[in-house]
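Read the structure below first, then the notes.
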Amino acid sequence: MNTEEITKTAEAAPETVEKTENTPVAADTAETTPAVNETPAAEEKTKKKKKKREKEYRRVKSIPPMSAIIPFIMVNRTGAQNLIHDTADIEKLEKYMKEKQLSGMTNISMMHIMIAAYIRLISQRPALNRFIRGQRVWTRRHVEVSLTIKKEMRLDAPDTCVKISLLPDATLEDVYNALNAEIVNYRENPGGNFDDTARWLSKIPSLVLKFVVGLLRFMDYFDLIPKFLQKVSPFHCSYFITSMGSLGIPPIYHHLYDFGTCPVFFAFGAKRRAYEVDASGAVKKKHYMDYTFVTDERICDGYYYASALKMLHNIFRNPWQLDERPEIIPDVD
């Protein structure tokens with residue numbers, strides 16, 4: 001553009017502005033301009049609402065036809081139970097636990113490590129976090145762990161169920177903090193949401209209670225149970241874990257519950273000693289721990305479970321990996 005053209009453009013500019021100010025279209029544009037500026041905020045608000053509506057679980061549709069049909073053949077969780085018994089060499093686990101105690105985790109126990117180990121297992125084998133509801137297969141985004149605790153180790157001491165929710169990438173420290181906070185809270189303030197709910201239900205006359213529980217089962221089938229009830233219910237979880245070691249006995253095969261969504265029950269027993277002859281002919285004292293799983297075979301096949309158990313053995317051989325978050329977490333299928 002030469003000098004003459006620039007001069008002409010500059011002279012024409014005021015006229016253009018004047019026309020623009022007197023044109024209704026320009027007024028409309030001026031009014032809508034703030035809306036354009038507000039768009040990012042509106043989009044952010046929409047995203048937040050969408051995230052809020054996003055459920056903690058979703059239906060799995062990418063499963064083989066046979067896996068989709070099996071829940072209709074085996075309609076109850078107790079009828080689809082498989083029982084697994086295994087043994088772990090806990091030499092490395094004991095060493096790991098002692099290191100953690102010296103580093104400040106004074107209240108750490110085998111329970112913390114077992115919970116962290118299974119959460120790590122779920123992070124790498126996400127199908128273990130599935131469950132059956134309404135004869136369909138669903139999967140969770142978080143790992144919800146249920147366990148029973150007693151206020152004191154006495155026959156007449158009350159017990160209750162607590163539940164913690166963690167992300168699949170949780171470390172041992174995350175588990176330690178979450179579980180200890182829940183246990184301390186219960187022992188200092190006995191009761192809680194689960195106890196209060198159970199106490200309220202226990203006061204209902206038997207026939208009415210039977211109807212109420214039946215109604216809850218019906219609602220559970222169609223995922224109609226209110227969120228606050230599912231939050232306090234120990235039967236709605238990724239897995240239930242129990243320690244027989246604190247009782248000094250071997251692990252039991254604990255049944256699953258037809259009510260709720262719990263697909264796995266994990267029990268581990270007391271430590272036991274064994275004397276074995278090594279390759280050089282010397283006798284060595286070994287420490288072992290037996291554990292059992294009762295699983296819902298409808299959430300994944302036997303090959304998948306076998307792969308998961310092998311991975312669990314690897315975690316027991318190298319528990320220090322629980323200090324770091326996993327490098328790769330497969331997508332929730």
Side-chain angles (χ1 to χ4, degrees), residues 52-63 67-82 118 122 126-148 159-166 168 182 191-242 253-267 293-300 332-333:
K52 188 176 181 180
R53 290 196 301 266
E54 190 177 63
K55 286 191 173 182
E56 166 59 24
Y57 44 85
R58 65 175 180 80
R59 185 179 163 189
V60 181
K61 297 182 179 179
S62 59
I63 55 177
S67 299
I69 294 299
I70 283 179
F72 289 89
I73 298 173
M74 293 182 288
V75 296
N76 297 321
R77 196 168 285 112
T78 51
Q81 292 180 164
N82 280 331
Y118 196 78
I122 288 177
L128 297 178
N129 210 16
R130 293 174 178 174
F131 62 93
I132 305 296
R133 169 180 274 154
Q135 263 60 65
R136 300 298 185 184
V137 183
W138 301 74
T139 186
R140 292 181 178 83
R141 301 179 188 280
H142 287 70
V143 183
E144 296 182 321
V145 189
S146 291
L147 64 152
T148 302
D159 57 2
T160 190
C161 291
V162 298
K163 184 164 66 173
I164 58 173
S165 179
L166 293 158
E182 194 68 32
N193 293 330
F194 173 70
D195 286 351
D196 292 342
T197 305
R199 188 178 298 108
W200 179 81
L201 289 172
S202 68
K203 293 179 180 179
I204 300 176
S206 299
L207 289 177
V208 179
L209 179 58
K210 186 173 182 179
F211 171 77
V212 171
V213 172
L215 179 62
L216 288 174
R217 287 180 180 276
F218 176 81
M219 294 173 68
D220 193 37
Y221 186 91
F222 293 103
D223 189 20
L224 297 175
I225 291 184
K227 286 185 178 180
F228 78 91
L229 281 180
Q230 292 193 40
K231 185 177 180 180
V232 302
S233 168
F235 310 108
H236 294 78
C237 62
S238 301
Y239 71 102
F240 216 115
I241 186 169
T242 184
Y253 292 98
H254 197 291
H255 64 85
L256 298 178
Y257 302 98
D258 283 328
F259 177 73
T261 58
C262 179
V264 175
F265 213 111
F266 179 17
F293 286 102
V294 178
T295 64
D296 185 343
E297 71 164 274
R298 300 173 298 175
I299 63 172
C300 58
V332 177
D333 49 355

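The figures that follow rest on heavy atoms only: side chains count, while hydrogens, waters and symmetry mates do not.
Using a 4.5 Å heavy-atom threshold, the side chains of Asp196 and Val232 count as separate. Using a 4.5 Å heavy-atom threshold, the side chains of Arg59 and Val137 count as separate. Proximity of Trp138 to Thr261: side-chain heavy atoms (C-beta onward) are nowhere separated by under 4.5 Å. Side-chain contact between Thr148 and Thr160 is absent, with no heavy-atom pair separated by less than 4.5 Å.
Evaluation of the side chain to side chain donor-acceptor pair (under 3.5 Å) rule for Tyr221 yields Gln135 as partners, not counting sequence neighbours. The side-chain contact (heavy atoms from CB on, under 4.5 Å) test applied to Cys300 returns Ala127, Leu128, Tyr304, Tyr305, not counting sequence neighbours. Looking at residues two or more places apart in sequence or on another chain, you find no side chain to side chain donor-acceptor pair (under 3.5 Å) involving His254. Every residue meeting the side-chain contact (heavy atoms from CB on, under 4.5 Å) condition with Leu166, not counting sequence neighbours, appears here in chain and number order: Ile119, Ile164, Ala170, Asp174, Val175, Ala178. For the ring pair (Phe, Tyr, Trp, His ring centres under 6.0 Å) test, no residue two or more places apart in sequence or in another chain qualifies with Phe72. Taking the ring pair (Phe, Tyr, Trp, His ring centres under 6.0 Å) definition, one finds that Phe240 meets it with Phe265, sequence neighbours left out. Judged as a salt bridge (Lys or Arg N to Asp or Glu O under 4.0 Å), and not counting sequence neighbours, Glu182 has no contacts. Residues that satisfy the side chain to side chain donor-acceptor pair (under 3.5 Å) test with Asn82, not counting sequence neighbours, are absent from this structure. Here Leu224 pairs with Met219, Phe222 under the side-chain contact (heavy atoms from CB on, under 4.5 Å) rule; sequence neighbours left out. Qualifying side chain to side chain donor-acceptor pair (under 3.5 Å) partners for Thr78, counting only residues two or more places apart in sequence or in other chains: Asp258.
Of the inter-residue distances, the one linking Leu256 atom CG with Thr295 atom OG1 reads 7.5 Å to the nearest 0.5 angstrom. For the atom pair Met74 CE and Ile69 CD1, the distance stands at 12.0 Å (nearest 0.5 Å). Within the model, atoms SG of Cys262 and CD1 of Ile132 stand 12.5 Å from one another, a figure rounded to the nearest 0.5 Å. Taking CG of Asn76 as the reference point, atom CZ of Arg298 lies at 7.5 Å (rounded to 0.5 Å). With rounding to the nearest 0.5 angstrom, the CD atom of Glu144 is 9.5 Å from the NE2 atom of His236. For the atom pair SG (Cys161) and CZ (Phe235), the distance works out to 6.5 Å, reported to the nearest 0.5 Å.
The environment of Phe259 atom CZ is dense: over 12 non-hydrogen atoms of other residues, nucleotides or ligands sit within 6.0 angstrom.
Between Phe266 and Tyr239, the ring planes are tilted. Angles from 30° to 60° get that label.
The stretch residues 213-223 participates, sequence neighbours left out, in these salt bridge (Lys or Arg N to Asp or Glu O under 4.0 Å) pairs: Lys55-Asp223, Arg133-Asp220, Arg133-Asp223. Applying the salt bridge (Lys or Arg N to Asp or Glu O under 4.0 Å) definition to pairs two or more places apart or across chains, those involving residues 68-77 are Arg77-Asp296.
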Go through Val264 and Val294 one step at a time and tell me if the side chain to side chain contact (heavy atoms under 4.5 Å, CB included) criterion holds.
-> CA-CA 6 Å; Val264 175; Val294 178; over 6 Å; no
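In this structure, Arg140 contributes its side chain and Arg58 its backbone to no donor-acceptor pair below 3.5 Å. Ser233 contributes no side-chain N or O that, together with a main-chain N or O of Gln230, makes up a donor-acceptor pair within less than 3.5 Å.
The two atoms that bring Pro126 and Thr139 nearest to each other are O-OG1, 4.3 Å, heavy atoms only. Residues Pro263 and Cys237 come closest through the heavy atom pair CD-O, 3.6 Å. Pairing each heavy atom of Ser67 with each of Pro71, the nearest pair is O-CD, 3.1 Å. For the pair Val143 and Pro168, the tightest heavy-atom approach, listed with the atom from each and the gap, is CG2-CA, 4.1 Å.
Side-chain N/O atoms of Gln81 and His255 include no donor and acceptor closer than 3.5 Å.
Taking the six-membered ring where the residue is Trp, the centroids of Phe293 and Tyr253 are separated by 6.0 Å or more.
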